[in-house]
Amino acid sequence: VGVAFPLLQALQRVNGRLLEENPSESLLFDVVLITSDSQQQQQSSRIISNTRHHGLEISRFCFSSEEDFTESLLKNNVHLFLTTDRDEAAQASQKGVFSALLNGKVASSEQLRVVFCGDAVIRTDAEPPSASQDAAQSFWAQLGEMRRRFGMLDSPLSLVLLTSRGGRESCGTALQTLRSRGVNMDEAYSLAGAPRSPILSLLRPHFLLINHLED
Amino acid sequence: MSLDPVQVMSGQVKELKVGPSSNGDSRGSWDEKEEIDQDNVGLTTKPKPVTGRRTRKVEGGVFFPKPENAVTVAVSSRVLFRTEREQKVFEQDGVEEYLRFQIEHENEPFTPGPAFPFVKALEAVNCRLRELYPQSEELFDIVLVTYNHAHVGIRLINTINHHNLFIERFCMTGGSSPIGYLKAWQTNLYLSADADKVREALSEGIAAATMFTSEKVTEVSESQLRVAFDGDAVLFSDESERIFKAHGLDKFFEHERDNEDTLLDHGPLKGFLEALGKLQKKFYAKGQRLDCPIRTYLVTARSAASSGIRALKTLRAWGLEIDEALFLAGAPKGPMLEKIRPHIYFDDQMFHVEGAAEMGTVAAHVPYGIAQKHNAKQNISVRK
C-alpha cells in the first residue's frame with residue numbers, strides 16, 4: 001500500500017458516515033487516481049484491480065502523459081490535487097489547480113484530519129479576493145458543510161486551524177472568518193512564531209491546506 | 001524550498017486527486033521556507049535547537065520567545081478563568097448544549113480563576129525583564145492548553161483581551177489529550193483543574209499541579225511574584241515521607257539524622273524552582289537583588305534544627321537558592337502562608353492544600369508520591 005492509502009480509507013469512512021446520515025447525500029468525496037508514469041500505465045489493469053482488492057473506491061482512473069497531466073486535472077474539474085512530489089504539485093498549481101502535499105511520514109488516524117493554515121485565511125478579507133482565493137474558500141466551505149453533517153463527538157472528519165504567525169488576534173479573526181463562511185473548526189492552535197514541526201507531528205493531518213502565502 | 005504560490009480552480013463537484021509520486025516521498029515534507037530545522041514531520045518531539053533563527057519580531061516590537069528559551073507555563077482554561085456555570089451545562093446537558101451556550105455568551109468574558117493572579121504576576125516579571133534585557137528570550141511564556149473545542153475559542157480570546165492578558169499561544173485540542181502538546185511546547189509547569197491530566201503530565205516528567213476554585217482569596221502583590229513550595233514530594237522526592245508513613249516520626253528523624261549529608265532525590269517541581277532561580281539571577285546581575293520581582297519560599301513541616309538541615313544542604317548542593325525557608329516542625333501551614341501571600345503554593349497533600357485555601361491562599365496539589373495512596377483512604381472532597 002502506498003502513502004495515500006490511509007487517506008483514501010479516511011475519505012471513504014467520511015463518505016460512509018455521510019451516507020448513513022442521509023442515503024441520498026450528494027456532498028461526498030470523489031477520488032480520482034492519476035498517473036503520468038508510463039510504467040504504471042502499462043500496469044493499468046493491475047492498478048485498477050489492486051485498488052478494488054483493497055476496497056478502495058476510486059471513481060476514475062486517469063492515465064496521461066507527463067506533459068498534459070495538469071490538463072487532465074483541469075478537465076476533470078479537480079478541487080484538490082494531492083501528491084507527494086513537490087515538483088508535480090508546483091507544476092499543477094502553476095496551471096491553476098489547488099494542490100497540497102501528502103506527507104509520507106505522518107502516521108494517520110482513522111479520522112480524516114484536515115489542517116488549515118489560518119495565516120492565509122485572514123488576508124482574504126484585507127484585499128479583493130483573487131480567483132484562487134475564491135476557489136480555496138469554496139473548497140473550505142464545502143468541507144465545512146460536510147463537517148456540519150456530523151455532531152461534535154465521534155465525527156469521522158476533524159477540521160483544525162493552525163496559525164503560525166501573529167498572536168491570538170490572528171487566530172481569533174481566522175476563527176470568525178471561517179465561521180462566517182460556515183466552516184466551524186474543531187481544534188485551534190496559535191503558534192505565534194513557535195516551530196511548527198512538533199505541533200504538526202501531533203496533529204497528524206492527512207493533508208495540510210496552505211493557501212497562497214508570500215514569505 | 002516551499003511550495004510556489006498555488007492558484008486554485010473553481011469546480012462544481014468536490015474531488016480529490018491522488019497522484020502517485022514517481023520520485024519517492026523523500027521530498028514530501030512540510031518544511032517552511034524560513035525554517036532552518038529540517039526535521040520532517042512525524043519525528044521525535046525531543047527538543048531541538050532551531051539554529052540560526054533570529055528572534056521573531058511582530059507588530060509593536062513585541063516578540064515571541066522560542067519555547068526552549070522561555071519558561072513556559074501552560075494553563076488550562078478552567079484554572080485561568082472561572083467556568084463553573086459552563087461546566088454545569090456540560091455535565092447536565094451534554095457537549096452540544098455546552099458549546100451552544102458558550103457561543104451564545106461569546107461576548108461575556110469569563111471572570112478570573114485561581115491561576116489568574118499567578119499569570120498576571122508572571123507578566124509583571126516579564127515587564128521588568130524586558131526593561132533590563134530587551135533582546136532576551138528568557139521570559140515567561142504563558143500558553144493556554146485546553147481540551148475545549150475551538151468553538152469556545154472566540155470567547156476565550158475575548159476574555160483574554162478583556163483582562164489584558166498577554167497570551168498569544170494556545171492549543172484547543174477539541175477533546176484529545178493535551179499532554180503531547182505540553183511536551184511540544186517544552187512546558188516547564190502545567191496547571192489544570194483535572195487531576196488525571198496533571199498525573200499524566202507528572203508521569204511524563206513535566207512539573208504539574210491541580211488547582212481548585214475557592215471562594216476566599218486574599219489579595220496578593222501585583223509587582224512581586226511569590227511562589228511557595230512544600231519540600232518532600234514536591235521539591236524533593238518522597239523518600240523521607242515514605243519512612244514517616246511506614247515507621248512513624250521517630251524513625252523519620254533518625255533516618256534524616258543518619259542521612260544528613262546524603263542529598264535528597266529531586267521531586268517533580270525542582271525543575272520549576274530552578275527555572276525561577278535562573279530568572280532571579282538575571283535581576284541580581286543588574287544589581288536588583290533587593291528589589292527582585294521574584295521571591296521563592298520553602299514551607300515545610302520539617303524542623304529547622306533537625307530534619308530541615310538535610311533539605312537545606314540538598315538545595316545548596318543543587319545550586320538552588322530559596323529566598324525564605326520556613327520550617328514549621330509540624331505546625332499548620334495555613335497561617336504562615338497567609339502571611340507570605342504567595343501567588344501559588346505547591347503541596348503534595350490535599351490536607352495542606354485545603355488548609356491553605358481555607359485561609360485564602362491559592363494552593364495547588366501535586367499528586368505525587370506516597371501521600372496519594374494515603375489520601376485515597378481519607379474521604380477528602382475536592383472542590384473543582
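All values reported here derive from a predicted model rather than from experimental measurement. Below, read A as the first sequence line, B as the second, and so on, with proteins coming before strands; counting in each chain starts at 1.
- In this structure, chain A has a heavy atom under 4.5 Å from the side chain of L99(B), while its backbone stays farther away.
- In this structure, no portion of D141(B) lies under 4.5 Å from any heavy atom of chain A.
- A 4.5 Å side-chain heavy-atom check between M185(A) and H151(B) finds every atom pair outside the cut-off.
- Of all the listed residues (E96(B), H149(B), R169(B)), the one sharing the greatest number of non-hydrogen pairs under 4.5 Å with chain A is R169(B).
- For the atom pair T173(A) OG1 and I157(B) CD1, the distance stands at 8.0 Å (nearest 0.5 Å).
- E187(A) contributes no side-chain N or O that, together with a main-chain N or O of M172(B), makes up a donor-acceptor pair within less than 3.5 Å.
- A pairwise comparison of heavy atoms in L202(A) and A184(B) identifies CD1-CB, 3.8 Å as the closest pair.
- Within a 6.0 Å radius of CZ in R46(A), no more than 12 heavy atoms belonging to other residues, nucleotides or ligands are found.
- Looking at I103(B), the atoms closer than 4.5 Å to chain A (heavy atoms on both sides) all sit in the side chain, from C-beta outward.
- Between R165(A) and E168(B), none of the side-chain N atoms (NZ, or NE/NH1/NH2) sits under 4.0 Å from a carboxylate O, so this pair counts as no salt bridge.
- The two atoms that bring Y181(B) and I199(A) nearest to each other are CD2-CD1, 4.1 Å, heavy atoms only.
- Considering only heavy-atom pairs separated by less than 4.5 Å from chain A, the leading option among I154(B), V95(B), V143(B), L144(B) is I154(B).
- Within the 4.5 Å cutoff, no side-chain heavy atoms of F170(B) are placed close to those of T163(A).
- Taking every heavy atom of both residues into account, A194(A) and W185(B) meet most closely at CB-CZ3, 3.4 Å.
- Put simply, CG on L191(A) and SG on C171(B) are 7.5 Å apart, with the number rounded to the nearest 0.5 Å.
- If you take OG on S176(B) and CZ on R204(A), they are separated by 7.5 Å, rounding to the nearest 0.5 Å.
- Residues passing the side-chain contact (heavy atoms from CB on, under 4.5 Å) test with E57(A) are Q12(A), sequence neighbours excluded.
- Residues that satisfy the side-chain hydrogen bond (donor to acceptor under 3.5 Å, both in side chains) test with N158(B), not counting sequence neighbours, are N107(B).
- Applying the 6.0 Å contact sphere to CZ of F90(B) captures no more than 12 heavy atoms from other residues, nucleotides or ligands.
- Minimum heavy-atom separation, N161(B) to R168(A): OD1-NE, 2.6 Å.
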